[in-house]
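Input: a single structure, listed below in structure tokens.
Counting begins at 1 with the first residue of the sequence.
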Amino acid sequence: MYQLEVLNGPLDGKTWPFESEITIGRDEAQAHACISTDRYVSRRHARLNVESDGLVLTDLGSRNGIRLGGSPVEQSTQLAPGQTFVVGRTELRVTELPC
């Protein structure tokens with residue numbers, strides 16, 4: 001079990017638990033993790049998948065992209081628990097929850 005957490009802005013501290021997949025976006029009808037306060041986040045911005053070899057972060061064709069370690073993510077990339085990334089202007093982190 002994992003948890004996605006907002007690290008800045010008006011939603012600072014907001015969390016969403018997930019097991020296998022979570023979609024991040026501005027439209028709550030299309031994204032489980034809804035960041036409606038950031039106008040730089042697309043309606044369906046990114047997706048996190050739990051795969052056998054770890055977490056995979058995928059850009060879903062967003063206008064403003066994803067930044068990981070200050071560099072843009074082109075399509076998909078591996079993500080380690082605890083590593084931060086940015087969608088729009090919102091910084092996020094995924095942590096693994098104890099069983």
Determine, step by step, whether Glu21 and Asn49 satisfy the side chain to side chain donor-acceptor pair (under 3.5 Å) criterion, reporting the C-alpha distance in whole Å, the side-chain angles of both residues, the deciding distance to 0.1 Å, and the verdict. CA-CA 4 Å; Glu21 177 180 298; Asn49 287 68; 3.1 Å; yes

I would like to know whether Thr84 and Leu92 meet side chain to side chain contact (heavy atoms under 4.5 Å, CB included); could you show each step before the answer? CA-CA 6 Å; Thr84 63; Leu92 301 165; over 6 Å; no

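If you chain together hydrophobic residues whose side chains sit under 4.5 Å apart, Leu79 and Val50 fall into the same group. When hydrophobic clusters are built by joining Ile, Leu, Val, Met, Phe, Trp and Tyr residues whose side-chain heavy atoms come closer than 4.5 Å, directly or via intermediates, Leu55 is grouped together with Trp16. Criterion: ILVMFWY side-chain heavy atoms under 4.5 Å apart, direct or through other members. Under it, Phe85 and Tyr40 are not part of a common hydrophobic cluster.
What you find for Ile22 and Leu4 is that their closest heavy atoms are CD1-CD2, 4.2 Å. The minimum heavy-atom distance linking Thr23 with Arg44 is given by the pair CG2-NH1, 4.3 Å. Smallest separation of non-hydrogen atoms from Leu48 and Val94: CD1-CG2, 3.3 Å. For the residue pair Tyr2 and Leu97, the shortest heavy atom distance occurs at O-CD1, 3.8 Å. Taking both residues in full, the closest heavy atoms of Gln78 and Val56 are given as OE1-CG2, 3.3 Å, listed atom of the first, atom of the second, then distance. Listed here is the closest heavy atom pair of Val87 and Val41: O-CG2, 3.7 Å.
Crowding of Glu51 atom CD: a count of heavy atoms from other residues, nucleotides or ligands under 6.0 Å exceeding 12. Counting heavy atoms of neighbouring residues, nucleotides and ligands inside a 6.0 Å radius, atom CD of Glu96 exceeds 12 of them.
Arg93 contributes atom CZ, which lies 11.5 Å from atom CG of Asn8 (distance to the nearest 0.5 angstrom). Rounding to the nearest 0.5 Å gives a distance of 5.0 Å between CD of Glu91 and CG of Leu7. Summarising the geometry, atom SG belonging to Cys34 is positioned 11.5 Å from atom CD1 belonging to Ile24; distances are rounded to the nearest 0.5 Å.
In this structure the side chain of Thr95 never reaches within 4.5 angstrom of the side chain of Pro81, judged on heavy atoms. For the pair Ile35/His45, no side-chain contact is recorded, criterion being any heavy-atom separation below 4.5 Å from C-beta on. Side-chain contact check for Thr77 versus Leu68: some heavy-atom pair is nearer than 4.5 Å. The side-chain heavy atoms of Met1 and Pro17, taken from C-beta on, include a pair separated by under 4.5 Å.
Remark: side-chain polar atoms of Asp38 are paired, donor with acceptor, to backbone N or O of Arg89 under 3.5 angstrom. In terms of modelled atom types and a separation under 3.5 Å, the side chain of Gln30 and the main chain of Asp27 share no donor-acceptor contact.
Residues forming a side chain to side chain donor-acceptor pair (under 3.5 Å) with Ser76 (at least two apart in sequence, or on another chain): Thr58. Judged as a side chain to side chain donor-acceptor pair (under 3.5 Å), and not counting sequence neighbours, Asn64 has no contacts.
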